[in-house]
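Each remark here refers to the structure printed beneath this line.
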Amino acid sequence: MSGIYFHIPFCHHKCTYCDFHFSVHQKSFNKVFNAILKEIEDRKNFFNSNQIDTIYFGGGTPSILSLHQIEKLLSVLSKHFVWKKNSEISFECNPEDISLEYLNGLKSLGINRISLGVQSLNNKVLQWMGRKHTTEQSLQSIELIKKSGIENFSVDIIFGIPFYPTSQLKKDIEKLISNFAPPHISAYQLTIEPKTKLNYLIRTKQITPVSDNKIKKEFLLIHEILNQNNYHHYEISNYSKENFIAQHNSSYWLQKPYLGIGPSAHSCNKHERRWNIANNYLYAQKVFSNEIYFETEVLQTHQKFNEYIYTRLRTTFGCNLLEIEKEFGTEYKKHFLKKYEIFKDYFNICNETYTLTLNGFLIADKIASEFFVI
């Protein structure tokens, strides 16, 4: 299983919390878009086979693209790669960009999964986040997705928001479920990234960071509500109804090869990691000049093991002893079991597969770091 990720590095505006690479200036759009098309050609031999299983449009804001531009990307991609008719093709959208005409166009191009950035159902919170849509637009956009016949869609929400009561978050989630029953929900903790307005507001004491207790309370609350409504909590931030697990994102957590195309996009083929320059102008310039526009790292065994631990412990796929021994060797298996003894209260075991409990999910990064081989 392998996947292709397109990074569309443009947005209409900058959100308070966002640390992804993008530009709000559209001056270089055409040049960057054409460079992305050229990169597809440049990297057509990245995989051992031209067969791919998933495609993902992320960013940035992919819904900034016209239907003609999306068709062009997929057309060029199809010259070098093949995928099955029912392969998952995901597309991130902002509520304000959605219309029934646009959704129907996406569907006609083969896009069969929408990831919708709702974030909150409170207008005050949305305004504080720097989002440009309203609660009403979010609800309308979900209605339109359902009307379009695109059955596979995900709704993003954010928890751990300063000044926003947990009781209101509870109402938001219950409203989403009762009104729309999204087949997939992603619930992300609001994180403080260095180069963001949120970090500035906290450093200048204009906002008080949310307490760990509130974050824990809201994480457990979301799990409880979604679990009661038959959502499978298969990754720390992700919940799905049966048969609606995100296939593309799961490939990252399962260490499947993936190719990232566009400025700042990452790729990995199990043996080598590569990331493109995070500068739109330089990326396009270097692509067209046939200069190196990326950095590369050849992965050592301990790095592969650490990534395996980090990603698998985030999921219910878990760490399997037979896999560890086969992929990394007996010494790594012994190392894993030794560390497990320290944290065994946070684990469940089934058929030699070790997964974190719900309380383990709360401190997954800490536990994973203790398993790392330096």
Inset, instruction - Using a cut-off of 6.0 Å, state whether more than 12 heavy atoms not belonging to Lys72 lie near its atom NZ. - result: no
Inset, instruction - Sequence neighbours left out, what pairs pass side-chain hydrogen bond (donor to acceptor under 3.5 Å, both in side chains) with at least one residue falling in residues 321-330? - result: Tyr308-Glu323, Arg312-Glu323, Glu325-Thr330
Legend entry - Inter- and intrachain pairs under salt bridge (Lys or Arg N to Asp or Glu O under 4.0 Å), touching residues 118-144, at least two apart: none
All N/O donor-acceptor pairs, side-chain side in residues 31-41, below 3.5 Å, sequence neighbours left out:
{"from": "Asn34", "atom 1": "ND2", "to": "Asn30", "atom 2": "O", "distance (Å)": "3.1"}
{"from": "Lys38", "atom 1": "NZ", "to": "Asp42", "atom 2": "OD1", "distance (Å)": "3.3"}
{"from": "Lys38", "atom 1": "NZ", "to": "Asp42", "atom 2": "OD2", "distance (Å)": "3.3"}
{"from": "Lys38", "atom 1": "NZ", "to": "Val287", "atom 2": "O", "distance (Å)": "3.3"}
{"from": "Lys38", "atom 1": "NZ", "to": "Asn290", "atom 2": "OD1", "distance (Å)": "2.9"}
{"from": "Glu39", "atom 1": "OE1", "to": "Gly262", "atom 2": "N", "distance (Å)": "2.9"}
{"from": "Glu39", "atom 1": "OE1", "to": "Asn276", "atom 2": "ND2", "distance (Å)": "3.3"}
{"from": "Glu39", "atom 1": "OE1", "to": "Tyr283", "atom 2": "OH", "distance (Å)": "2.6"}
{"from": "Glu39", "atom 1": "OE2", "to": "Arg43", "atom 2": "NH1", "distance (Å)": "2.9"}
{"from": "Glu39", "atom 1": "OE2", "to": "Asn276", "atom 2": "ND2", "distance (Å)": "2.9"}
{"from": "Glu41", "atom 1": "OE1", "to": "His80", "atom 2": "NE2", "distance (Å)": "2.8"}
{"from": "Glu41", "atom 1": "OE2", "to": "Lys44", "atom 2": "NZ", "distance (Å)": "3.0"}

Legend entry - Glu218 side chain reached by Val210 side chain, heavy atoms, under 4.5 Å: no
Legend entry - Phe317 backbone acceptor or donor facing Thr315 side chain under 3.5 Å: yes
Inset, instruction - Please confirm whether the backbone N or O of Ser2 pairs with a side-chain atom of Asp53, one donor and one acceptor, at under 3.5 Å? - result: yes
Inset, instruction - Among residues two or more places apart or on two chains, list those pairs meeting salt bridge (Lys or Arg N to Asp or Glu O under 4.0 Å) that have a residue in residues 163-174. - result: Lys170-Glu174
Inset, instruction - Using a 4.5 Å cut-off on heavy atoms from C-beta on, say whether the side chain of Tyr293 contacts that of Leu282. - result: no
Inset, instruction - Name all pairs fulfilling the side-chain hydrogen bond (donor to acceptor under 3.5 Å, both in side chains) condition that reach into residues 346-356, sequence neighbours left out, sorted by first residue then second. - result: Asn320-Thr353
Inset, instruction - For residues Ile111 and Ile150, determine if any side-chain heavy atom of one lies less than 4.5 Å from a side-chain heavy atom of the other. - result: no
Inset, instruction - Please say whether more than 12 non-hydrogen atoms of neighbouring residues, nucleotides or ligands are located less than 6.0 Å from CG in Asp212. - result: no
Legend entry - Polar side chain donor-acceptor pair, Ser148 to Asn104, under 3.5 angstrom: no
Legend entry - Flag, side chain of Ser63 to backbone of Asn94, donor-acceptor distance under 3.5 Å: yes
Legend entry - side chain to side chain donor-acceptor pair (under 3.5 Å) involving Thr311 - partner list, sequence neighbours excluded: Gln255
Inset, instruction - May I ask you to decide if Glu92's main-chain N or O and Ser115's side chain share a donor-acceptor pair within less than 3.5 Å? - result: no
Inset, instruction - Please step through side-chain contact (heavy atoms from CB on, under 4.5 Å) for the pair Asn359 and Asp345, ending with a clear verdict. - result: CA-CA 9 Å; Asn359 284 328; Asp345 290 344; over 6 Å; no
Inset, instruction - Indicate yes or no: at least one non-hydrogen side-chain atom of Pro263 is less than 4.5 angstrom from one of His21. - result: yes
Legend entry - Any side-chain donor near an acceptor of the partner, Glu88 and Thr54, under 3.5 Å: no
Legend entry - Close side-chain approach of Ile55 and Phe81, heavy atoms under 4.5 Å: no
Inset, instruction - Could you walk me through whether Ser28 and Phe10 pass the side-chain contact (heavy atoms from CB on, under 4.5 Å) test, one step at a time? - result: CA-CA 10 Å; Ser28 64; Phe10 294 97; 3.8 Å; yes
Inset, instruction - State whether the side chain of Gln303 and the backbone N or O of Gln300 hold a donor-acceptor pair below 3.5 Å, judged by distance alone. - result: yes
Inset, instruction - Rounded to the nearest 0.5 Å, what's the gap from CG on Leu73 to CD1 on Ile261? Could you check? - result: 9.0 Å
Legend entry - Side-chain donor/acceptor of Asn152 to backbone N/O of Arg113, under 3.5 Å: no
Inset, instruction - Give the C-alpha distance, both sets of side-chain angles, the deciding distance and a yes or no for ring-ring contact (aromatic ring centres under 6.0 Å, His included) between Tyr258 and Tyr252. - result: CA-CA 8 Å; Tyr258 59 91; Tyr252 299 149; 4.7 Å; yes
Inset, instruction - Taking the side chain as every heavy atom from C-beta outward, state whether Ile114 and Leu106 have any atom pair closer than 4.5 Å. - result: yes
Inset, instruction - Answer yes if the side chains of Thr135 and Asn123 hold a donor-acceptor pair under 3.5 Å, and no otherwise. - result: yes
Inset, instruction - Answer whether the closest heavy-atom distance between the side chains of Ser237 and Phe159 falls below 4.5 Å. - result: no
Legend entry - Atom pair NZ (Lys107) and CD (Glu151), whose distance is rounded to the nearest 0.5 Å: 7.5 Å
Inset, instruction - Would you mind listing every ring-ring contact (aromatic ring centres under 6.0 Å, His included) that reaches into residues 86-109, with sequence neighbours excluded? - result: Phe57-Phe91
Legend entry - Glu101 and Ser99: side chain donor to acceptor below 3.5 Å: no
Inset, instruction - Could you name each residue pair satisfying ring-ring contact (aromatic ring centres under 6.0 Å, His included) that touches residues 173-221, not counting sequence neighbours? - result: His184-Tyr234, Phe219-His233
Legend entry - Leu321 side, atom CG; Lys333 side, atom NZ - distance, nearest 0.5 Å: 5.5 Å
Legend entry - Heavy-atom side-chain contact between Ile158 and Ser120 under 4.5 Å: no
Legend entry - Any pair counted as ring-ring contact (aromatic ring centres under 6.0 Å, His included), so long as it reaches residues 104-136, sequence neighbours left out: Trp128-Phe163
Legend entry - Approximate separation, where rounding is to 0.5 Å, of Asn112 CG and Ser90 OG: 7.0 Å
Legend entry - Listed partners of Cys18 passing side-chain contact (heavy atoms from CB on, under 4.5 Å), at least two apart: Cys15, Phe20, Phe22
Only distances under 3.5 Å count here; give the side-chain donor-acceptor pairs of residues 361-374 to other protein atoms, sequence neighbours excluded, each with its distance to 0.1 Å.
{"from": "Ser369", "atom 1": "OG", "to": "Asp365", "atom 2": "O", "distance (Å)": "3.4"}
{"from": "Ser369", "atom 1": "OG", "to": "Lys366", "atom 2": "O", "distance (Å)": "2.7"}

Inset, instruction - Any pair with a residue in residues 185-203 that passes salt bridge (Lys or Arg N to Asp or Glu O under 4.0 Å), sequence neighbours left out, goes on the list, sorted by first then second residue, please. - result: none
Inset, instruction - Please lay out, stage by stage, how Ser186 and Asn238 fare under the test side-chain hydrogen bond (donor to acceptor under 3.5 Å, both in side chains). - result: CA-CA 5 Å; Ser186 295; Asn238 288 279; 2.6 Å; yes
Inset, instruction - Quick one: pull up OG1 in Thr61 and NE2 in His12 and give me the separation to the nearest 0.5 Å. - result: 7.0 Å
Inset, instruction - Mind checking the NZ-NE2 spacing from Lys241 to His232? Nearest 0.5 Å is all I need. - result: 13.0 Å
Inset, instruction - Using a cut-off of 6.0 Å, state whether more than 12 heavy atoms not belonging to Glu242 lie near its atom CD. - result: no
